[in-house]
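Shown next, in structure tokens, is the structure this report addresses.
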Amino acid sequence: MKAAIISDIHSNLEALQAVIKDIKKRRIKRILCLGDLVGYGANPDECIELCMRETKIIVAGNHDWAAIGKTDISVFNPVAAEAIRWTQKNISKKNFNRLNKLELIETVDSILLVHASPQKPEQWDYLFTLDEFKRQFEFFKTQVCFVGHSHIPSVVFQEANGYTDFLRDNPFPLIDNRKYIINIGSVGQPRDLDPRASYAIYDGNNKSIDIIRLDYNIPLAQQKIIDAGLPEVLADRLLAGR
Ligand SMILES: [Fe+2]
């Protein structure tokens, strides 16, 4: 199987359109999505609809659950919570129901897809440090687990003897006796100081992964956020990539 994996779109239609166009240009037929379709940006309905049309599988993210009242937004920072309240007022009933149907975890062709962590997907734990990644390996049996959530692309591997480390290469081969947790970064709100949209290409035949970065129309996405009356800081951070 060859597939593109996308995550954390966050209602950023300009970034999503650019990523899907790039995937199609590469003739990749299958797109899998790790959730957070909404929250932060100005086009929730459009992003839900485009994702539903173009992707094979979508798992739920914490902002998707928050938008439909399944996750308590009192734990969100004030700006994220405000964006969720705005989203709740601005998505259609049909799209509300679509978000409500998303599963938390899916397996396809021996890869695991989950928004936050395989251990407890519903707790939305963040994986930043090596120890945080390391703890997760016993909770999945597939060779590869794709995650999103932190908006920071990162790859951690574990060897059969338990040795675990970050992998800095990109693209990189999947080595048979290693397991991998791969954070593919964010389409719509990157936070690694690189404002370009991020997604991954998984090539199961050639056993390789490539994390792609892509320019998109940031000024337009920013203007829409301001015009929608969403917090201006959400526009600023798109250009800052954090
Ligand atoms: Fe997110």
Inset, instruction - Considering only NZ, NE, NH1 and NH2 on the basic side and carboxylate oxygens on the acidic side, decide whether D131 and R135 come within less than 4.0 Å. - result: no
Legend entry - 4.5 Å side-chain heavy-atom contact, E46 and L16: no
Inset, instruction - Check whether any side-chain N or O of R242 sits under 3.5 Å from a backbone N or O of L193 as a donor-acceptor pair, and report yes or no. - result: no
Inset, instruction - Check whether any side-chain heavy atom of F133 lies under 4.5 Å from a side-chain heavy atom of V155, and answer yes or no. - result: no
Legend entry - Partner residues of H151 under the ring pair (Phe, Tyr, Trp, His ring centres under 6.0 Å) criterion, sequence neighbours left out: H10
Inset, instruction - Please work out whether the ring planes of F128 and Y126 are parallel, tilted or perpendicular, with thresholds of 30° and 60°. - result: parallel
Legend entry - Sidechain-backbone polar pair: E232 side chain, I226 backbone, donor-acceptor under 3.5 Å: no
Inset, instruction - Could you list the residues that satisfy side-chain hydrogen bond (donor to acceptor under 3.5 Å, both in side chains) with Y180, not counting sequence neighbours? - result: none
Inset, instruction - Check V19 against A197 and note the closest heavy-atom contact, atom names and distance. - result: CG2-CB, 3.8 Å
Inset, instruction - Sequence neighbours left out, what passes side-chain contact (heavy atoms from CB on, under 4.5 Å) with K21? Give chain and number order. - result: none
Inset, instruction - Applying side-chain hydrogen bond (donor to acceptor under 3.5 Å, both in side chains), name anything that partners D109, two or more places apart in sequence or on another chain. - result: none
Inset, instruction - Could you tell me whether the side chain of E138 and the main chain of Q119 form a donor-acceptor pair under 3.5 Å? - result: no
Inset, instruction - Measure the shortest side-chain to side-chain distance between I105 and F140 over non-hydrogen atoms and say whether it is less than 4.5 angstrom. - result: no
Legend entry - Closest contact, heavy atoms only, A116 versus H149: CB-CD2, 3.6 Å
Legend entry - Minimal non-hydrogen separation, M1 against R30, with atom names: SD-NH1, 3.3 Å
Inset, instruction - State, yes or no, whether a side-chain contact exists between Y216 and Q17 at a heavy-atom distance under 4.5 Å. - result: no
Inset, instruction - Using side chain to side chain donor-acceptor pair (under 3.5 Å) as the criterion, point out the one residue from S154, S198, S150 that pairs with N183. - result: S150
Inset, instruction - Would you indicate whether the side-chain heavy atoms of Y202 and F146 approach each other to under 4.5 Å? - result: yes
Legend entry - Test item: side-chain donor near acceptor, S74 and D72, under 3.5 Å: yes
Legend entry - Closest approach of L99 to A67 (non-hydrogen atoms, all atoms of both residues): CD1-CB, 4.3 Å
Legend entry - Listed partners of E49 passing side-chain contact (heavy atoms from CB on, under 4.5 Å), at least two apart: D45, N95, R98
Inset, instruction - Check the surroundings of atom CD in E159: do more than 12 heavy atoms from other residues, nucleotides or ligands lie under 6.0 Å from it? - result: yes
Legend entry - Exercise: identify the closest heavy-atom pair between G188 and L238: O-CD2, 3.2 Å
Inset, instruction - Determine the minimum heavy-atom distance between L34 and V114, stating which atoms define it. - result: CD2-N, 4.0 Å
Legend entry - Min side-chain heavy-atom separation L130-V156 under 4.5 Å: yes
Legend entry - Non-hydrogen side-chain atoms of D8 and Q189 separated by less than 4.5 Å: no
Legend entry - Backbone of E122 reached by a side-chain donor or acceptor of W124 within 3.5 Å: yes
Inset, instruction - Side-chain contact test, heavy atoms from C-beta onward, threshold under 4.5 Å: evaluate it for D176 versus K207 and give yes or no. - result: yes
Inset, instruction - Could you tell me whether the side chain of H115 and the main chain of V59 form a donor-acceptor pair under 3.5 Å? - result: no
Legend entry - side-chain contact (heavy atoms from CB on, under 4.5 Å) partners of D203, counting only residues at least two apart: K2, N205, N206, S208
Legend entry - D192 with R213: basic N within carboxylate O range, under 4.0 Å: yes
Legend entry - Backbone of I211 reached by a side-chain donor or acceptor of N170 within 3.5 Å: yes
